[in-house]
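Quick notes on the structure that follows.
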Amino acid sequence: GRIAILLGVSSKTSRFVQENGDRALRIEFVIPSIPVAQPRQRHALIAGHVRNYTPGKHPVNAFKAACQLAASQVYQGPVLDCPLRMDLVFVFPRPASVPKKFGTGRLPHSCKPDRDNVMKSLQDALEGILFRNDSLICDGRVQKFKAAVGEHAHVEVVVTDMGLFQ
C-alpha cells in the first residue's frame, strides 16, 4: 500500500507528501513574499571576458532567498532529476485603488510583471534545492492574481513527480 508522510514548517502553509510504493512525490509550500520578476541580465567586461550578472541590491535576490528558505524547510531530500510538473499561483498585493464594485476576492493580475519572468525567478531560485535543472519541468499551470481583501502577497507552489501524477 501507500504510506503518506507529512513534514514541514506548518501544516497550514507547507508540506511534503511522499507516497511510497508507486514512487509518487508531491511537494507543496507557500512563499510569504511579494513575487519579483527576473530582470534582464547586466553585462560587464572583465579581463577581456563578458560576465553576466544581476545587481546585488536588486529585489529579486531577496525574493529568491525567500523561495529557497521556504523550499528547504519543506523538502530536505535529494535534488530531483526526473520529469516534473510545477503549478504556481502568484498573488500580488491588492492596490488600494481597486474599486469596490470588483468585489473582495482575488482578481486577475493582467499587468506587469509578465508571468514568465516571475516564474523564471522562482525556478532559478529552486534549482539545486528541489530539482537539478529547470529544464526538467515539463508541465504546469501558472496563474497571477491580485490578492483578495485582507490577503497578503505570496506564491503557492506545487511540484509533482510526473511518474505518477500525469
Side-chain angles (χ1 to χ4, degrees), residues 2 4-19 23-39 54 58-96 98 102-166:
R2 295 182 177 164
I5 302 169
L6 295 177
L7 302 171
V9 178
S10 165
S11 59
K12 293 179 185 172
T13 60
S14 304
R15 69 181 173 179
F16 165 60
V17 178
Q18 181 175 5
E19 295 182 16
R23 196 181 158 266
L25 179 71
R26 182 179 177 92
I27 304 165
E28 298 181 41
F29 58 99
V30 173
I31 303 162
S33 176
I34 296 172
V36 179
Q38 181 69 31
T54 301
H58 196 283
V60 76
N61 295 317
F63 174 64
K64 286 182 177 184
C67 296
Q68 292 167 346
L69 177 63
S72 64
Q73 289 176 331
V74 175
Y75 181 74
Q76 294 89 29
V79 174
L80 302 172
D81 194 8
C82 58
L84 300 170
R85 175 183 172 98
M86 179 179 270
D87 295 304
L88 303 170
V89 178
F90 293 98
V91 180
F92 291 85
R94 184 183 189 97
V98 173
F102 291 119
T104 59
R106 287 183 181 174
L107 299 170
H109 188 277
S110 58
C111 52
K112 290 192 179 250
D114 299 343
R115 70 183 205 128
D116 56 328
N117 290 332
V118 288
M119 179 180 69
K120 183 64 179 162
S121 64
L122 182 133
Q123 289 177 347
D124 284 353
L126 299 182
E127 197 168 289
I129 294 175
L130 288 185
F131 41 80
R132 177 184 52 80
N133 190 283
D134 60 7
S135 65
L136 293 166
I137 301 168
C138 304
D139 192 12
R141 184 172 184 187
V142 179
Q143 298 173 284
K144 291 187 335 177
F145 293 102
K146 293 174 185 164
V149 172
E151 183 180 29
H152 295 288
H154 65 277
V155 183
E156 300 167 12
V157 181
V158 179
V159 177
T160 311
D161 173 353
M162 290 184 63
L164 179 67
F165 299 109
Q166 292 187 355

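For reference, positions follow the sequence shown, starting with 1.
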Closest approach of S121 to V60 (non-hydrogen atoms, all atoms of both residues): CB-CG2, 3.7 Å

Output side-chain donor-acceptor pairs under 3.5 Å for residues 122-130, partner residues at least two apart or in another chain, one line each.
{"residue": "D124", "atom": "OD1", "partner": "K120", "partner atom": "NZ", "Å": "3.2"}
{"residue": "E127", "atom": "OE1", "partner": "D134", "partner atom": "N", "Å": "3.1"}

Listed partners of E151 passing side chain to side chain contact (heavy atoms under 4.5 Å, CB included), at least two apart: V91, R106, A147, A148, H154

Residues which pass side chain to side chain donor-acceptor pair (under 3.5 Å) with S110, listed by chain and number, not counting sequence neighbours: none

Pairs touching residues 120-141 that satisfy ring pair (Phe, Tyr, Trp, His ring centres under 6.0 Å), sequence neighbours left out: none

Euclidean distance, L88 CG relative to R141 CZ, rounded to 0.5 Å: 11.5 Å

Heavy-atom closest pair, residues F29 and A71: CZ-CB, 3.7 Å

Results of side chain to side chain contact (heavy atoms under 4.5 Å, CB included) for P32 - residues two or more places apart only: none

L84 CG to D161 CG distance, which is reported to the nearest 0.5 Å: 6.5 Å

Set of residues satisfying side chain to side chain contact (heavy atoms under 4.5 Å, CB included) with respect to S33, sequence neighbours excluded: I31, F63, A66

Heavy-atom donor-acceptor pair, K144 side chain to C111 backbone, under 3.5 Å: yes

Partners passing side chain to side chain contact (heavy atoms under 4.5 Å, CB included) against P95 (at least two apart in sequence or in another chain): S97, V98, K146

Contacts of type side chain to side chain donor-acceptor pair (under 3.5 Å), residue R132, not counting sequence neighbours: D81

Value rounded to 0.5 Å, distance of CE in M162 from CG in L136: 11.0 Å

All salt bridge (charged side-chain N to carboxylate O under 4.0 Å, His left out) counterparts of R94, not counting sequence neighbours: none

Test item: C67 and V155 side chains (from C-beta on) under 4.5 Å apart, heavy atoms: no

Heavy atoms of other groups near L107 CG, more than 12 under 6.0 Å: yes

Sequence-distant partners of N133, side chain to side chain donor-acceptor pair (under 3.5 Å), two or more places apart: S135

F92: partners by ring pair (Phe, Tyr, Trp, His ring centres under 6.0 Å), with sequence neighbours left out: H109

All salt bridge (charged side-chain N to carboxylate O under 4.0 Å, His left out) counterparts of D87, not counting sequence neighbours: R85

Distance in Å, M86 CE paired with D139 CG, rounded so as to fall on 0.5 Å steps: 12.0 Å

